[in-house]
Amino acid sequence: MSAHPSTLYSETVLAHNRTPRHCGCLADATHRGAAENALCGDQLDFALRVRNDRVEAAMFDGEACAIATASASMLADALHGAPIATVAAIAAELHTMFAGGAPARGDFAAFAELRHHPARQRCALLPLHAASQALAGAAA
Amino acid sequence: MSAHPSTLYSETVLAHNRTPRHCGCLADATHRGAAENALCGDQLDFALRVRNDRVEAAMFDGEACAIATASASMLADALHGAPIATVAAIAAELHTMFAGGAPARGDFAAFAELRHHPARQRCALLPLHAASQALAGAAA
Amino acid sequence: MNRLDDIPALRAEFPQLARRIHGKPLVYFDNANTAQKPQLVIDAVSDYYRLHNANVARAVHTLGEEATTLYEATRDKLARFVGARSREEVVFTRGTTEAVNLVAYSFLRPTLKPGDEILVSRMEHHANIVPWQLVAAETGAKVVPAPITASGELDVEGTVALMNPRTRLVGLVHVSNALGTVNPVAEIIAAAKARGIATLIDGSQAVPHFRVDVAALDCDFYVLTGHKLFAPTGTGALIARRALLDAMPPFMGGGEMIRKVSFEGTTFNDPPHKFEPGTPNIAGFIGLGAAIDWLQAIGMDAIAAREARLRDAMRAALAAVDGLRLVGDARARAAVFSFVVEGAHAHDLATLLDHDGIAVRSGHHCAHPTMQFFGVPATARASLAFYNTEDEIAVFIDALAKARRMLA
Amino acid sequence: MNRLDDIPALRAEFPQLARRIHGKPLVYFDNANTAQKPQLVIDAVSDYYRLHNANVARAVHTLGEEATTLYEATRDKLARFVGARSREEVVFTRGTTEAVNLVAYSFLRPTLKPGDEILVSRMEHHANIVPWQLVAAETGAKVVPAPITASGELDVEGTVALMNPRTRLVGLVHVSNALGTVNPVAEIIAAAKARGIATLIDGSQAVPHFRVDVAALDCDFYVLTGHKLFAPTGTGALIARRALLDAMPPFMGGGEMIRKVSFEGTTFNDPPHKFEPGTPNIAGFIGLGAAIDWLQAIGMDAIAAREARLRDAMRAALAAVDGLRLVGDARARAAVFSFVVEGAHAHDLATLLDHDGIAVRSGHHCAHPTMQFFGVPATARASLAFYNTEDEIAVFIDALAKARRMLA
Ligand SMILES: Cc1ncc(COP(=O)(O)O)c(C=O)c1O
Ligand SMILES: Cc1ncc(COP(=O)(O)O)c(C=O)c1O
């Protein structure tokens, strides 16, 4: 069922994991959210500063696997200056890609191989959950 | 697992079933017992007149299958004038025979084929349970 | 061409149908007890053990993902097969019995009060009586029998008349295993719903024989068992409204049904997983998925049509047997026939038929109250599936006459 | 000659061990999750479906008798295998999880009072925590954690100190699935017994690896699961003192667990049947019987000796891995190793090992409280069975180093 997985831990993913972007705490966040992966106990916090439905800054924190960490790093990157609808858009692109459809935007395309690893898909989705949790909640 | 069963409904068994001996009610019984087969709902009553640890008379009643009816008929027959220990002795002989050992006494040997029908063994044992129930209970 | 047009080929898919019993070809008329399995279902089970064996929902390795994918696919298949609104409405259980107990413990017990009533028909299987008695005994509620008629039909008017503000749930068998009756479940569900009463339909004997659409029936709970559906033993399901599952507390505790466990407090997973603690019968459910695919390839409507013909042939043949009385003779009925024969006890009939290779069940069919109603301790029961034939009916009728002569 | 003297031949009995994963030979180190099945067990399941398929304890026909004989034979085999006092002490369940729930619902709940305590160790599987929490929440009792040490051993003194007149039951895992610790169960049972406290031992990870004698242990309840014992999924057992089973009310209701059902009142069957309503996983239990025969032909003592060698080899090999920390390193331990590696998340390790054909589990192993105690969200776990080899250990250690380099 699984194809050869060499591309799952691609250089893109490994680089994001080694030196994640925007990892740490965002003091002046307006929104905060968290998500947890029941399978492994991983937890990820996402903090956003939002003005006029646009993300001015995004940071994440938490201990997680390489896939989740890389995804969080990519997401924080993608959100800077983007409309808040971007979170839902990227989540939808990931789901499409996992179902065999078009690749997701930018570095997220590096997760294409996850279509053969259903159990690990939630790792890549974890930061998306945390960010949408943040947007859904009351302002921090 | 089952051998050819032609001998299960032997002439001996069928004859006892057609015209069971000592079927009916024993007005002056000293002991009464009943047993039920959970598998089919069959019920059998056994009534005994016992004096000095000897069965003077035995009768049975109830609706039951041919195997149980024949066994009851044989048992009532065997008990007339016999020591009460006969009930336990015949039960033990049946168990031995079902386990592949020596045939049980008299007509009971006709149940040898039941060793291949574990589910029906309790039919043959039903009157034995009813009779030992009768002996175990208080005098009627 | 439908596979039902070539019955010999179809029967060849069932290895056990080729068995000989006491030297005679097996005539398997005990389908209401459990159904035979096509080779493809047996292979699905072996293939899992030979190639994909791993635990589900736990490991990220290849085998774990394969096992999980195969296992969870059955949930989608079953949801489609019975017309559930979503896969989350499908809770896997060991069978019908566990499914009813789950509803009794988790849905009813927490809010059951003294004087509350659970209304179930007098033709229920023990599985749809005893679980309610257990929770009723604990809470002071009571189980009320809904009336049936002498021909083994549900007394609909009498049943509806028993629905009252204390009635908490109506439980009804879709097709009676003891009588063959097909019940007007939609009518009863509608009547209960109009009164705000929850409904549970026992579909054990329905899903193997005709198309069932749970969403259209609109019952709250529908229960079924896999081994009667040509699938492995130890499988079954509760199909329930999502909103009810969300509100119900868990039944059994353990792994997978939790989100987070600590000694300070535990939070539970979402349905259906909330109700599925521990390692499930993975191989069995993979086999159930294969059975459903296989049934749908034939088509439940084609199966129902063939079984209606077999049923009519059997009904006519039995009517001609001297001294035979049908126990239950509803107008709407399945190819399940309970009967008693004058001068011949059901057990003796079953044993003598077995000598001729014919498997029928004798006994109370886990329906004591039904037997009590008809005043018989036991019946013999012949229950057919689509792989049975008119030739087998003829063999059965001959053997029945022979058995009767022998016992007379 | 013992079969363990020819490991290649023994491995050839397990079809899945011949599988290749991502082009590499499978190294199956996830045995604590579920074990692989020998062909003979797979065949026992298929043969039942192909030749003897029928329901048990119900029908008097040949197939029904064959199925019942095969199914009930497993009860005798299991009773002998674990040293139960009699076959009536063996209650069949879906697995360990259901067995613990049965005890929680049927033994404890009816008499549990506010303030009562259930003492279980901090290294329990969720299956030996959550069922107690559910019945405790209902009754106002509480689940008390017994202490463990930094090396993952039970703090025996601390545990005994927590036993008090309010303690109703002590639950302890025989071998921890998360840490590999082999617990001094006899000592804890004796201490509990001296205080009149009931005991439940979770033997899920014990029975596959060494000889267990339940009667000698003298616990009240011993639970186990079949799928870890090289047997089919959906099988397991509760072994319990007969006197307790006699006194316990039934858990689930349905067919076979009753003696007589009526709307006026129902009487129940004797144990073990009182606790086994409905159609069981017949095929699965027949497979369990085959697995036990097969294990006994090899001999549990021989298996334990081989596993001790594998364990020591693995322990030594892991000690040499840079940046690796064992989570749990008890003196008495099984060939089950949980570990974390600096800079490499357990999930990533598991996925990368899988790329090299190696199946290990990563996660919390259904033991959140244990993970909390050790302050890790997850570990990787390699768990061996007697069919594993020292060569596989070498392959694993190499792959581990490679994975670590990749993630660094
Ligand atoms: C120690 C222990 N207890 C209980 C269980 C639960 O067993 P099952 O999932 O088969 O019910 C397991 C396995 O997952 C285990 O390792
Ligand atoms: C109508 C009906 N309900 C419930 C059951 C119980 O099903 P199971 O034994 O598979 O739990 C049966 C079958 O025995 C049945 O025929």
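Just so it is clear: chains get the letters A, B, ... in the order the sequence lines come, proteins before strands, and each one is counted from 1.
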Steps toward side chain to side chain contact (heavy atoms under 4.5 Å, CB included) verdict (C:R94, D:M252): CA-CA 12 Å; C:R94 177 172 33 239; D:M252 292 194 248; 3.7 Å; yes
### Task
Could you tell me whether the side chains of D:Q16 and C:N53 share a donor-acceptor contact shorter than 3.5 Å?
no
**OP:** Go through the steps to decide whether D:L134 and C:F268 satisfy the test side chain to side chain contact (heavy atoms under 4.5 Å, CB included), and finish with yes or no.
**Re:** CA-CA 11 Å; D:L134 292 177; C:F268 303 113; 3.7 Å; yes
Under 4.5 Å to a heavy atom of chain C? For D:V360 that would be backbone
Honestly, the part of D:I282 sitting under 4.5 Å from a heavy atom of chain C is both
Most contact-rich option vs chain D, by heavy-atom pairs under 4.5 angstrom, among C:A18, C:A350, C:P232, C:G236, is C:P232
In terms of heavy-atom pairs under 4.5 Å with chain D, the winner among C:V135, C:L102, C:I21 is C:I21
Applying a strict 4.5 Å limit to non-hydrogen atoms, the region of D:H347 in contact with chain C is both
(message) Let's go through D:V60 and C:S362 carefully: what are the C-alpha distance in whole Å and the side-chain angles of both, what is the deciding distance for side chain to side chain contact (heavy atoms under 4.5 Å, CB included) to 0.1 Å, and is it a yes or a no?
(response) CA-CA 7 Å; D:V60 301; C:S362 58; 3.8 Å; yes
When the 4.5 angstrom heavy-atom criterion is applied to D:E98 and chain C, the contacting part is both
Can you list the steps and then say if C:R109 with D:E138 is a salt bridge (charged side-chain N to carboxylate O under 4.0 Å, His left out)?
CA-CA 12 Å; C:R109 190 173 69 97; D:E138 244 190 74; 2.7 Å; yes
Counting heavy-atom pairs under 4.5 angstrom with chain D, the leader among C:P249, C:P369, C:A127 is C:P369
Note: vs chain D, highest number of non-hydrogen pairs under 4.5 angstrom among C:G357, C:G95, C:G255 is C:G255
What one should report as the nearest heavy-atom pair of D:F263 and C:S121 is CZ-O, 3.8 Å
Honestly, the part of D:Y105 sitting under 4.5 Å from a heavy atom of chain C is side chain
Under 4.0 Å between a side-chain nitrogen and a carboxylate oxygen: does that hold for C:R19 and D:E66? yes
If one checks every heavy atom of D:K260 against chain C at 4.5 Å, the contacting part turns out to be both
*asked:* Using side-chain heavy atoms (C-beta onward) and a distance below 4.5 Å, is D:P277 in contact with C:H126?
replied: no
Interatomic distance, OH@C:Y49 vs CG@D:D43, rounded to 0.5 Å, equals 12.5 Å
Okay, C:R20 and chain D: the region with an atom under 4.5 Å from a heavy atom over there is neither
Between D:G253 and C:P131 the two heavy atoms that sit nearest each other are O-CG, 3.4 Å
Note: vs chain C, highest number of non-hydrogen pairs under 4.5 angstrom among D:T235, D:L26, D:I358, D:T34 is D:T34
Checked D:T97, D:N281, D:T233 vs chain C; the most non-hydrogen pairs under 4.5 Å come from D:T233
When the 4.5 angstrom heavy-atom criterion is applied to D:P145 and chain C, the contacting part is both
Whatever's closer than 4.5 Å to a heavy atom in chain C on D:M257 counts as side chain
| said: Under the criterion side-chain hydrogen bond (donor to acceptor under 3.5 Å, both in side chains), I'd like the reasoning laid out for C:H368 against D:S262: C-alpha separation, chi angles, the key distance, then a yes or no. | reply: CA-CA 7 Å; C:H368 282 163; D:S262 86; over 6 Å; no
Exercise for the section: Let me see the working for D:R361 and C:H61 under side chain to side chain contact (heavy atoms under 4.5 Å, CB included), right down to the final yes or no. Expected result: CA-CA 7 Å; D:R361 186 168 168 194; C:H61 53 64; 5.6 Å; no
Applying a strict 4.5 Å limit to non-hydrogen atoms, the region of D:Q133 in contact with chain C is side chain
Open item on the list: Using 30° and 60° as the class boundaries, would you call the ring planes of D:F251 and C:F251 parallel, tilted or perpendicular?
Closed with: tilted
Counting heavy-atom pairs under 4.5 Å with chain C, the top scorer among D:D30, D:N33, D:N128 is D:N33
Under 4.5 Å to a heavy atom of chain C? For D:A367 that would be neither
Could you tell me whether a side-chain N or O of D:Q372 sits under 3.5 Å from a main-chain N or O of C:V261, the two making a donor and an acceptor?
-> yes
Heaviest contributor of heavy-atom pairs below 4.5 Å to chain D, chosen from C:G234, C:A283, C:G363, is C:G234
Close side-chain approach of D:T279 to C:T225, heavy-atom, < 4.5 Å | no
If you tally heavy-atom pairs under 4.5 Å between each of D:L51, D:I129, D:V143, D:L353 and chain C, the highest tally belongs to D:L51
Bottom line for C:R122: the part with an atom under 4.5 Å from chain D's heavy atoms is both
Of D:G254, D:G64, D:A35, the largest count of non-hydrogen pairs under 4.5 angstrom with chain C goes to D:G254
